Amino acid sequence: MYTQALNNLEAVTDVEDAGRNAAFQARVDNEYKIEPNDWMPEGYRKTLVRQISQHAHSEIVGMLPEGNWITRAPTLKRKAALLAKVQDEGGHGLYLYSAAETLGASREELNEQLLSGKAKYSSIFNYPTLTWADIGAIGWLVDGAAIMNQIPLCRCSFGPYSRAMIRICKEESFHQRQGYELLLTMCKSSQEQKDMVQDALNRWWWPSLMMFGPSDKDSQHSAQSMAWKIKRFSNDELRQKFVDATVPQAHYLGLTIPDEDLKFDEETGHWEYGEIDWSEFARVLKGDGPCNRQRMKARRKAHEDGAWVREAALAHAEKKKARKAQKAA
Amino acid sequence: MNDRLFAYTLRLADDAAILGQRLGEWCGHAPTLEEDIGLANIALDHIGQARALYTYAGEVEGKGRDEDQLCFLRKEREFSNCLLVEQPNGDFAETIARQFFFSAFMLPFWEKMKASRDETLAAIAAKAEKEAAYHLRHSAEWVIRLGDGTRESHERMQDAIELLWPFTGELFEADDTVKALVAEGIAVDPATMRDVWGETVKKVLGQATLEMPEEGWAQTGGRSGIHSEHFGHLLTAMQYMQRAYPGLKW
Ligand SMILES: [Fe+2]
Ligand SMILES: [Fe+2]
Ligand SMILES: [Fe+2]
């Protein structure tokens, strides 16, 4: 999930072959897809590698907060659904790493960047899953916000990314509906469960709004991405779409959005929401969220504990190859 | 109610549920992303089998218990899974050895179960057989890779084989419940699986350059509810929600 908006990209400028650049831009303008073997400006390639890998890392780190509840799911049906969801997220990570590979970035290299803390992933996964309702809230809000961010990426100018997004968005919207249905079941079942859902909404609402990245007035660097048709809507536009879609869903559940300033504007037809706490956003992005250290520690541990397995698989493949060569000789 | 059929179906359900529970612990922590996905797949197959089997056990029992009541509201001593499936994940080699030993048994088991006179068990078997074939292939490939990989992986794989070996004997046990159901053409006689299981294990360990442990003492007890020390911890996590919030819909 969860392209964190492009908030930390360096401005990318190209002084390459002006002719090739113009031809490239014309293709993009005409909505032709750019494929891996086509010429592309270096900045375009870099921007995409950064965005795709950040997205891939988010899928992988995102497995941790939800994975936290697999062993404790309340029913076998929910356990299976959660396992399948977390497995899907792993699958999303795989397609996205493959899309990045078409741009010459290897999975090992990208993984190193994640583990060293050099690469970012979506900050939403630095929040903890404390109760079972959090599993529903993640599906509803986090997958929901991811879809808003990602639907436009299905039309992204880079072919492999756009195709990966089409497949991923289908699964994310299934996750979103499943999360909402989980919460609906809880809200209908008892007051105690409804309170648990409200508590989850209270904790996940604002971080979900932050998933769209800084507000437009503070967000640089998106003009180039817009021109390249990597990005098609501004952070605030996407955030507004999400709020407009989500508020009525919360009301249907009988829940209160934890925002005193929230009100419906009859004229614009939009839900106006209160000020986001950007200091929290900046703090968690910088590394000081409730679970940043734990998430990285878990990823590093899996990587280190698995090193001997990966080495063995390589060694075995080498032995097999050598034996085959010997036989052939 | 048919007490024997209930007990027998419940054992199969418990085997699947407990192994699924263990495999689910890996999710997000496996050595590679592909294995995260692969182990989740195998976990899902077992949870699916458990659901079908618990549901059927509940029907046979006829007291209105559903899959979740049977899985989440029975106590330690009421669980009748074999000891092998409840063993902790350990390192990746232990998880693979556990799966390999179990699936090498379950594949021929489900093959035979397809001919059961009990139609529901036969139908469950038809689906489970295909799944077990994949589980066996997946785990056997890893036994070979790890056994015939590096020195470290070889040692770890051999250690895992030795560690779990004493739990394999229980797979072949037949108590009165099993014997009576075998006579009725409902259950599979596990003793008839010994040779094919032994051949599979021997062949794979051979390819993996691993040593087959000697036949020897077999630890048993799972079928009569005598489990390992860590089993209660597994249930603690698995049953937490249903214990903390009894009688609610999720
Ligand atoms: Fe995503
Ligand atoms: Fe995803
Ligand atoms: Fe998702």
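Please read all numbers here as calculations on a predicted model, not as lab measurements. Proteins get letters first, then strands, A, B, ... in listed order; numbering begins at 1 in each. Values below: every heavy atom of this structure, side chains too, minus hydrogens, waters and symmetry copies.
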Quick one: of [options], who has the most non-hydrogen atom pairs under 4.5 Å with chain B?
options: A:T185, A:V309, A:L314; result: A:V309
options: A:V86, A:T75, A:N68, A:L82; result: A:T75
options: A:M196, A:H303, A:K188; result: A:M196
options: A:A315, A:G306, A:P74; result: A:P74
options: A:M186, A:K77, A:E311, A:K79; result: A:K77

Among the listed options [options], the residue most often paired with chain A at heavy-atom distances under 4.5 Å:
options: B:H154, B:M238, B:R151; value: B:M238
options: B:F92, B:F72, B:W142; value: B:F72
options: B:A40, B:G28, B:A237; value: B:A237

Give a yes or no answer on whether the side chain of [X] reaches the backbone of [Y] with a donor-acceptor pair at less than 3.5 Å.
X: A:R310; Y: B:P31; answer: yes
X: B:Q239; Y: A:R72; answer: no
X: B:Q21; Y: A:T71; answer: yes
X: A:K319; Y: B:G149; answer: yes
X: A:R78; Y: B:W250; answer: yes

Kindly compute the distance separating [atom1] ([X]) from [atom2] ([Y]), expressed to the nearest 0.5 Å.
X: B:W26; Y: A:I70; atom1: CH2; atom2: CD1; result: 13.5 Å
X: B:H29; Y: A:D305; atom1: NE2; atom2: CG; result: 10.5 Å
X: B:D36; Y: A:M63; atom1: CG; atom2: CE; result: 4.0 Å
X: A:Q87; Y: B:C27; atom1: CD; atom2: SG; result: 7.5 Å
X: B:M157; Y: A:W308; atom1: CE; atom2: CH2; result: 7.5 Å
X: B:K249; Y: A:Q193; atom1: NZ; atom2: CD; result: 10.0 Å

Using a 6.0 Å cut-off, check whether atom [atom1] of [X] has over 12 heavy atoms from anything other than its own residue.
X: A:R167; atom1: CZ; value: no
X: B:E34; atom1: CD; value: yes
X: A:Q191; atom1: CD; value: yes
X: B:Y134; atom1: OH; value: yes

query = How far apart are the C-alpha atoms of A:E192 and B:L248, what are their side-chain angles, what is the distance that settles it, and do they pass the side-chain contact (heavy atoms from CB on, under 4.5 Å) test?
reply = CA-CA 10 Å; A:E192 188 183 18; B:L248 300 177; 4.0 Å; yes
Which answer fits [X], side chain, backbone, both or neither, if we ask what part of it has an atom under 4.5 Å from a heavy atom of chain A?
X: B:L39; value: neither
X: B:E25; value: both
X: B:A93; value: both
X: B:D66; value: neither
X: B:R22; value: neither

Does the side chain of [Y] come within less than 4.5 Å of [X]'s, by heavy atoms?
X: B:Y54; Y: A:L76; answer: yes
X: B:T150; Y: A:H316; answer: no
X: A:W132; Y: B:Y245; answer: no
X: B:I37; Y: A:L94; answer: yes
X: A:R107; Y: B:L33; answer: yes

Full working for salt bridge (charged side-chain N to carboxylate O under 4.0 Å, His left out) between A:R323 and B:D148 = CA-CA 13 Å; A:R323 263 174 252 157; B:D148 187 26; 2.6 Å; yes
Contact class of [X] relative to chain B, heavy atoms under 4.5 angstrom:
X: A:A73; result: backbone
X: A:S190; result: side chain
X: A:E318; result: neither
X: A:K301; result: neither
X: A:I60; result: side chain
X: A:L64; result: side chain

message = Which label fits A:W69 and B:Y240: parallel for a plane angle under 30°, tilted from 30 to 60°, or perpendicular past 60°?
response = tilted
query = Which atoms form the tightest heavy-atom contact between A:L83 and B:A43, and what is the distance?
reply = CD1-CB, 3.7 Å
